J.: 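Please see the structure below; I have some questions.
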Amino acid sequence: MTEIRTYRGHIRNWKALCEELKIEGAKTMSREEREPVILQRAYEEWGHDMGMHMHGMFAFAIWDGEKQELFCLRDPFGTKPFYYYLTEEGKLLYGTMIRDILRDPAYHKELNEDMLQIFLSLTYVAGEDTFFKGIKKLMPGRYLVWKPASDNAEAGGSVEITRYFVPTFCPDEEPALEDWADEIHTTLQEIMKEVKDEDEKADSFLSGGVDSSYVLAMSDAQMTDSCGYDEPRFDESGLAKQTADLLGRGFSRCRITPEEYFAIVPYVMENMEQPLGDASAIAFTLGCLATAKHTKLCYSGEGSDEFFGGYNMYRNAPRYGDNLKNFYVGNTNIMKEEEKEKILLRYDPENLPINLVKDIYEETEGLDPLAKMSDVDIQIWLEGDIYLNVDKMSTAAGLEIRMPLTDRRIFDIASRMPSRFKVNEEQNKVAFRTAAAKVLPEEIAFRKKLGFIVPIRIWLADERYNADVRARLTGSSAAKFFRTEELQAIYDEYVGGNSDLWRKIWTIYTFLVWYDIYFAD
């Protein structure tokens, strides 16, 4: 007898699975009724190998009464989170939210201060550890089996973790650029048939970039949702509206003011459950709240940058060469070790971000530098920042987001594609943009990447908005971890004209806001 203990997600290929598993009446079931049945039958048919038969976004736990074991699995790229904690007595606490564990009296909340050094460099919580001592993430593409020590499922036991999916790159030199573009386009056409049921209605997030534009063009979404600012140099919403108008779709713009932005930071850090120094997460939250007023389901375009070479820094890959393994831990490394040693009261020279990716470089030995950079970002950055943000803040807003480009079938194409079809001297995401140009004008498909930029670098220096930032940098919580005079010096230098320091200030600030929510008296 199997029992679904917890589940969050969306199984895309449910129709194919129901046919293969001979599940009758699935089309008349609601999604809430259907997906637990699919999980149970898939487990009964394939056991621990079930993850490789499913496409979509999911994390779940299944109790196997016959084997007396708990089976927990997270999807290949970590779009949905899963956390666990093994007590001294051997009891497993687990859930898709950290608060599932925090509310259990068997867990005694304690800060994992070691994570602070990692966070200050990367701006997010990378790897399997969290800021809560003992609480770990089940990393993407892995499953966990917990066996109690006795017939009593609540006492004694051990945890075994197995990796069922490893991102693997095997370049195929034979296909031409158009062949790759055709395969991307055909595959996305098939995936778009699965991302929602016939009776579901979805909006689509839309920025000025090619990813969200391509997803929109391939979907039947009739309404688009975008964020914008009064500061023109940061505002992509005008470009987004041009795309929506060209495709004949409706357009909704969420105007974000600095007052709203700063006011909602505590809400974001509380619902994120761990600190996140990604400034775009705050804007994304406001976008989710606005979108949730008129829909409960929305598409988003995450995933293709990491798969197909979308970041501008990937164009520097050839000149990094073998030196990558000595410094590259993702595209958000903002603080050097000597800087952290200068500002932290307690600094451990052995606690280095590069330690998180040593295994990844061993897996990619012999591959070109771009493949190595992509693999680091796929395994560390996507899970720890992008997908965490999407999941936590959409959930808090009561909005479900589905990401068609984050799919094992899309990655399979990217894993076989030579780097020259991803990045060249003039352009990034070359093959992906060529595919998008089949349904988008070239000026949109090949538009320069802007990124989800925020005017925070301006607002942080404005005394009308930054009072809380200034107060926290020298406050009592900051004094527990930092040399506050050094934080003040960084802030003064930023206000004095060194605008590049804004990321460091913002990362420290978000940690302090989060800490006061979860640990302050």
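If you read the sequence from its start, that first residue is 1, and numbering goes on from there. Only a predicted model underlies this, so the values are computations on that prediction, with no experimental measurement involved.
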J.: Could you walk me through whether D377 and Y328 pass the side chain to side chain donor-acceptor pair (under 3.5 Å) check?
T.: CA-CA 10 Å; D377 288 333; Y328 190 76; 2.7 Å; yes
J.: Can you measure from CD1 (I410) to CZ (F308) and round to the nearest 0.5 angstrom?
T.: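 Reported to 0.5 Å precision, the distance equals 5.5 Å.
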J.: For M54 and R408, which heavy atoms make the closest approach, and how far apart are they?
T.: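 Smallest heavy-atom distance, with atoms named: O-NH1, 3.2 Å.
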J.: Is it the case that the side chain of S212 and the backbone of S207 share a donor-acceptor pair, with hydrogens and angles ignored and the cut-off at 3.5 Å?
T.: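 It does hold such a pair.
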J.: Given salt bridge (Lys or Arg N to Asp or Glu O under 4.0 Å), test D197 with K15 step by step and report yes or no.
T.: CA-CA 10 Å; D197 293 351; K15 290 182 180 178; over 6 Å; no
J.: Name the orientation class of the two ring planes belonging to F60 and F58 (parallel below 30°, tilted from 30 to 60°, perpendicular beyond 60°).
T.: tilted
J.: Does H294 form a side chain to side chain donor-acceptor pair (under 3.5 Å) with D225? I'd like the steps, not just the answer.
T.: CA-CA 10 Å; H294 55 259; D225 300 271; 2.7 Å; yes
J.: Between the main-chain N or O of E33 and the side-chain N or O of S30, is there a donor-acceptor pair closer than 3.5 Å?
T.: yes
J.: I'd like to know whether E178 forms a salt bridge (Lys or Arg N to Asp or Glu O under 4.0 Å) with K438, so could you lay out the CA-CA distance, the side-chain angles of the two residues, the decisive distance to 0.1 Å, and finally the verdict.
T.: CA-CA 11 Å; E178 280 299 332; K438 297 178 183 295; 3.7 Å; yes
J.: Which heavy atom in C288 sits nearest to a heavy atom in I401, and how many Å separate them?
T.: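 The pair with the smallest heavy-atom distance is SG-CD1, 4.1 Å.
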J.: Would you indicate whether E3, at its atom CD, is surrounded by more than 12 heavy atoms from other residues, nucleotides or ligands within a distance under 6.0 Å?
T.: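 Yes.
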J.: Looking at N389, V268, L276, which hits side chain to side chain contact (heavy atoms under 4.5 Å, CB included) with I282?
T.: V268
J.: Quick one, D75 and F165 - any side-chain contact, counting heavy atoms below 4.5 Å?
T.: no
J.: For Y387 and E302, run side chain to side chain donor-acceptor pair (under 3.5 Å): C-alpha distance rounded to whole Å, both residues' side-chain angles, the deciding distance at 0.1 Å, then the answer.
T.: CA-CA 8 Å; Y387 294 153; E302 283 80 8; over 6 Å; no
J.: Give the intermediate values and the outcome of side-chain contact (heavy atoms from CB on, under 4.5 Å) for residues D278 and S280.
T.: CA-CA 5 Å; D278 186 343; S280 66; 2.6 Å; yes
J.: Among side-chain atoms of N312 and N428, is any donor-acceptor pair under 3.5 angstrom?
T.: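 Yes, because at least one side-chain N or O of N312 sits under 3.5 Å from a partner of the opposite role on N428.
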J.: Look at atom CD of E19 and say whether more than 12 heavy atoms of other residues, nucleotides or ligands are closer to it than 6.0 Å.
T.: no
J.: Just do the ring-ring contact (aromatic ring centres under 6.0 Å, His included) check on Y164 and W46 with the steps written out, would you?
T.: CA-CA 13 Å; Y164 72 89; W46 297 305; over 10 Å; no
J.: Can you give me the closest heavy-atom contact between K80 and G9, atom names plus distance?
T.: CE-CA, 4.1 Å
J.: Are D391 and T79 close enough that some pair of their side-chain heavy atoms sits under 4.5 Å apart?
T.: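 Side-chain contact under 4.5 Å: no.
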J.: Atom CD of residue position E160 - does it have more than 12 heavy atoms of other residues, nucleotides or ligands inside 6.0 Å?
T.: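 No, CD of E160 has 12 or fewer neighbouring heavy atoms, counting only those of other groups under 6.0 Å.
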J.: Just say parallel, tilted or perpendicular for the rings of W63 and W146, cut-offs at 30° and 60°.
T.: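 Because their plane-to-plane angle lies in the 30° to 60° range, the rings of W63 and W146 count as tilted.
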J.: Please name the pair of heavy atoms, one in L286 and one in C254, separated by the smallest distance, quoted to 0.1 Å.
T.: O-SG, 3.8 Å
J.: State, yes or no, whether a side-chain contact exists between N271 and K392 at a heavy-atom distance under 4.5 Å.
T.: no
J.: When the ring planes of Y143 and H48 are compared, do they come out parallel, tilted or perpendicular, using 30° and 60° as the limits?
T.: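 Judged by the thresholds at 30° and 60°, the geometry between Y143 and H48 is tilted.
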J.: Show the numbers, then the answer: is there a ring-ring contact (aromatic ring centres under 6.0 Å, His included) between F421 and F432?
T.: CA-CA 9 Å; F421 294 126; F432 183 85; over 10 Å; no
J.: Quick one about D64 and Y43 (side-chain donor to acceptor, distance below 3.5 Å, no hydrogens or angles considered), yes or no?
T.: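 Per modelled atom types, Y43 and D64 side chains form a pair under 3.5 Å.
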J.: Within a strict 4.5 Å, meaning less than it, do heavy atoms of the Y85 and L92 side chains meet?
T.: no
J.: Take atom NZ of K325 as the centre, draw a 6.0 Å sphere, and report whether it contains more than 12 heavy atoms from other residues, nucleotides or ligands.
T.: no
J.: Dump the intermediate steps for side-chain contact (heavy atoms from CB on, under 4.5 Å) on H10 and E400, then the final yes or no.
T.: CA-CA 10 Å; H10 175 251; E400 182 180 358; 4.0 Å; yes
J.: Please check if the number of heavy atoms outside K241 that lie under 6.0 Å from its NZ is greater than 12.
T.: no
J.: Should the ring pair F131 and F119 be called parallel, tilted or perpendicular, given that the plane angle runs from 0 to 90° and is split at 30 and 60?
T.: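 Because their plane-to-plane angle is over 60°, the rings of F131 and F119 count as perpendicular.
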J.: Under a 3.5 Å threshold, yes or no: a donor from one side chain and an acceptor from the other, between S237 and R253?
T.: yes
J.: Would you please test R8 and T395 for side chain to side chain donor-acceptor pair (under 3.5 Å) and show each step?
T.: CA-CA 11 Å; R8 280 177 62 201; T395 300; 3.0 Å; yes
J.: Could R31 and E198 be called an ion pair, given the rule that one side-chain N must be under 4.0 Å from one carboxylate O?
T.: no
J.: Within a reach of under 6.0 Å around CD of E173, are more than 12 heavy atoms found that belong to other residues, nucleotides or ligands?
T.: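 Counting neighbours around CD of E173, more than 12 heavy atoms of other residues, nucleotides or ligands fall under 6.0 Å, so yes.
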J.: Determine whether K296 and K201 make a side-chain contact, defined as any pair of heavy atoms from C-beta on separated by less than 4.5 Å.
T.: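 No; the side chains remain at least 4.5 Å from each other.
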J.: Within a strict 4.5 Å, meaning less than it, do heavy atoms of the P418 and W180 side chains meet?
T.: yes
J.: Parallel, tilted or perpendicular for F82 and Y94, by the 30°/60° rule?
T.: parallel
J.: For the pair E270 and R99, find out whether any cationic side-chain nitrogen is under 4.0 Å from an anionic carboxylate oxygen.
T.: no
J.: With heavy-atom distances below 4.5 Å as the criterion, would you say the side chains of K137 and E383 are in contact?
T.: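 A side-chain contact under 4.5 Å exists here.
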J.: Would L93 and Y84 count as a side-chain contact (heavy atoms from CB on, under 4.5 Å) here? Give the steps.
T.: CA-CA 6 Å; L93 310 181; Y84 67 96; over 6 Å; no
J.: Would D368 and R420 pass as an ion pair if we require N to O under 4.0 Å?
T.: no
J.: Yes or no on ring-ring contact (aromatic ring centres under 6.0 Å, His included) for Y107 and F132, after CA distance, side-chain angles and deciding distance?
T.: CA-CA 10 Å; Y107 178 73; F132 296 94; 7.0 Å; no
J.: Do you know the tightest heavy-atom contact between R409 and E194?
T.: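 That would be NH2-OE1, 2.8 Å.
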J.: Heavy atoms only: give me the nearest A221-L216 pair and the separation to one decimal.
T.: O-CD1, 4.0 Å
J.: Between CD1 of I98 and CE of M272, what distance do you get to the nearest 0.5 Å?
T.: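 Here the interatomic distance stands at 11.5 Å.
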J.: Is it true that R163 and E128 make a salt bridge, defined as a side-chain N closer than 4.0 Å to a carboxylate O?
T.: no
J.: How far apart are the C-alpha atoms of F205 and F284, what are their side-chain angles, what is the distance that settles it, and do they pass the ring-ring contact (aromatic ring centres under 6.0 Å, His included) test?
T.: CA-CA 10 Å; F205 282 134; F284 179 78; 5.8 Å; yes
J.: Hey, does the side chain of R142 reach the backbone of P140 with a donor-acceptor pair shorter than 3.5 angstrom?
T.: yes
J.: Do T130 and Q274 come close enough that some side-chain heavy atom pair is under 4.5 Å?
T.: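 Yes; the side chains approach each other to less than 4.5 Å.
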J.: Between W381 and Y311, do the side chains contain an N or O donor and an N or O acceptor separated by less than 3.5 Å?
T.: yes
J.: Counting N and O atoms only, with roles assigned by atom type, does the side chain of S226 sit under 3.5 Å from a partner on the main chain of L206, one being a donor and the other an acceptor?
T.: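 Yes, S226 side chain to L206 backbone: donor-acceptor pair under 3.5 Å.
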